[in-house]
Amino acid sequence: MGPQDALCCPRCKPDLRVGDMTTKLNPEMGYTCPTCRMEYPTLCGVLDFLPDSNGAKGLAQKLMEYQRIVEIYEGRWWRRSKLFAWLMGIRFDREMALIKQALYIGSEDRVLDLCCGPGLYARSFAEDCPTRTVFGLDLSWPMLRYGYRKSMQLGIHNITFLHGDAHQLPFKDGSIDAVSCCGALHLFSNIRQVLAELHRVINPGGRFSGALAMRTSKPLNRFKAWGDEKIWGIHYYRQEEFRDLLDAAGFEPTIHHARKIWMIVGGTRRQ
């Protein structure tokens, strides 16, 4: 089965019809919803499930639109930097290993890298096994275009990049085996809705993992959490708070790492 077999209209959830585009000029490929007639074109290698969206974004999300940030995000000046490793109490390579351990992805599994940014995790999932179907979904067009171009340059062809919203995922019920969401769970306007969507699209027994900002009782942490929420729109979660959210959403929760301002969580979808 191809990637398209997992996709559906995010609005009304029926299967999509290939082609039949009427309003987009020269799309590379497109889908149309037979129910609401919404058209979803592919532009610059990215399938657009938000063709008419100008939704509000927090300051941290807007930062991810800047080309310079996109270019340095996955390198030693940002995500792989020593500063990040110190703030989070874990090196990036160790974080990646924990995420993969939590997901234990099979060779034929469908994997979603939610809020994939430039595709750092998605590429690693895809490179590990070419028979795996990987999706990378994000709200930022610059990140998605960069991710698609880099994947093509590296000869990675088992990733489908999607422009979409985590609150309304373009996937059929139970169509995904594993979901990773690293570095964005603290940015969502409605975390309960996002977790409900993950529960819907992950099949019973499927896995979820994520990395997010953590609140502790330490004064410096509390001050940073307060400042980051006011300025950047980043909400820090307490361990027990996020564990309860996962449990309420229908996942068996696990905390894999909790140190300084960072925690790595996991969950298995209940039957």
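Predicted model, so just to flag it, every value in this text is computed and none were measured.
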Side chain to side chain contact (heavy atoms under 4.5 Å, CB included) assessment of Q4 paired with L16: CA-CA 8 Å; Q4 68 275 10; L16 297 171; over 6 Å; no

Quick check: does any side chain N or O of S140 sit under 3.5 Å from a backbone N or O of M64, one acting as donor and the other as acceptor? yes

Between atom CD1 of I99 and atom NE2 of H256, what is the distance when rounded to the nearest 0.5 Å? 7.5 Å

Run the salt-bridge test on K172 and D15 with the 4.0 Å N-O cut-off and return the result as yes or no. yes

Validation row: E95, I264 side chains within 4.5 angstrom (heavy atoms): yes

Please check this pair: side chain of H163 against backbone of L139, looking for a donor-acceptor N/O pair closer than 3.5 Å. yes

Are there more than 12 heavy atoms of other residues, nucleotides or ligands under 6.0 Å from atom CG of L220? no

Parallel, tilted or perpendicular, as decided by the 30° and 60° cut-offs, for the rings of Y237 and F242: perpendicular

Strictly distance-based, threshold 3.5 Å: is any side-chain N or O of H186 a donor or acceptor partner for the main-chain N or O of A213? yes

Geometric cation-pi criterion R79 and F92, 6.0 Å radius, 45° cone: no

Going by heavy atoms in the side chains, are K100 and I105 under 4.5 Å from each other? no

Given 3.5 Å as the limit, does a donor-acceptor pair link the side chain of R269 with the main chain of H199, or not? yes

Which residues pass the salt bridge (Lys or Arg N to Asp or Glu O under 4.0 Å) test with E252, sequence neighbours left out? R270

Would you kindly confirm whether L63 and L187 end up in one hydrophobic cluster when ILVMFWY residues are joined by side chain heavy atoms under 4.5 Å apart? yes

Among the clusters formed by ILVMFWY side chains lying less than 4.5 Å apart, do W226 and M214 turn up in the same one? no

CG-OG distance between N203 and S175, expressed to the nearest 0.5 angstrom: 8.5 Å

Is the backbone of A211 close enough, under 3.5 Å, to the side chain of H257 for a donor and an acceptor to pair up by distance? no

Of the non-hydrogen atoms in T35 and C12, which two are nearest, and what is the gap between them? CB-SG, 3.9 Å

Can you tell me how far CZ of R17 sits from CZ of R37, rounded to the nearest 0.5 angstrom? 5.0 Å

Would a hydrophobic clustering, with Ile, Leu, Val, Met, Phe, Trp and Tyr connected at side-chain separations under 4.5 Å, put V46 with L154? yes

Minimum-distance pair of heavy atoms, taken over all atoms of K260 and M88: CB-C, 4.4 Å

Interatomic distance, D113 atom CG to L137 atom CG [nearest 0.5 angstrom]: 9.0 Å

If you define the side chain from C-beta out and look only at heavy atoms, does anything of I176 sit under 4.5 Å from L169? no

Hey, does the side chain of S209 reach the backbone of L103 with a donor-acceptor pair shorter than 3.5 angstrom? no

Are any of the side-chain nitrogens in R200 or D173 under 4.0 Å away from the carboxylate oxygens of its partner? yes

Within a strict 4.5 Å, meaning less than it, do heavy atoms of the S124 and M96 side chains meet? yes

Taking I90's backbone N and O only, do any of them form a donor-acceptor pair with R259's side chain (distance below 3.5 Å, no angle check)? no

Got a salt bridge between E71 and R68, using NZ or NE/NH1/NH2 to carboxylate O under 4.0 Å? yes

Can you confirm whether F125 sits close enough to I159 that some side-chain heavy atom of one is under 4.5 Å from a side-chain heavy atom of the other? no

Give the cluster check for Y66 versus W77: same hydrophobic cluster or not, with ILVMFWY residues linked at side-chain heavy-atom distances below 4.5 Å. no

As an exercise, state the distance from CG of L47 to OG1 of T42, rounded to the nearest 0.5 Å. 4.5 Å

Closest heavy-atom contact between R132 and G106? NE-O, 3.0 Å

V179 and Y104: same hydrophobic cluster, using ILVMFWY side-chain contacts below 4.5 Å? no

If we only count heavy atoms from C-beta on, is the S81 to R76 side-chain gap below 4.5 Å? no

Determine whether S180 and L112 make a side-chain contact, defined as any pair of heavy atoms from C-beta on separated by less than 4.5 Å. no

Main-chain N/O of L43 paired to R145 side chain as donor or acceptor, under 3.5 Å: no

Donor-acceptor under 3.5 Å (D138 side chain, C116 main chain): yes

Measuring only between side-chain heavy atoms, which start at C-beta, is Y31 closer than 4.5 Å to C9? no

Once you round to the nearest 0.5 Å, how far does OH of Y73 lie from CZ of R80? 11.0 Å

Carboxylate-amine/guanidinium contact E241 R215, below 4.0 Å: no

When you measure from the side chain of D109 to the backbone N and O of D177, does any donor-acceptor pair fall under 3.5 Å? no

Please name all residues satisfying salt bridge (Lys or Arg N to Asp or Glu O under 4.0 Å) with D165, sequence neighbours left out, ordered by chain then number. none

I want to know whether F188 and H167 have ring centres closer than 6.0 Å. yes

Let me know which of F161, F171, F49 forms a ring pair (Phe, Tyr, Trp, His ring centres under 6.0 Å) with F135. F171

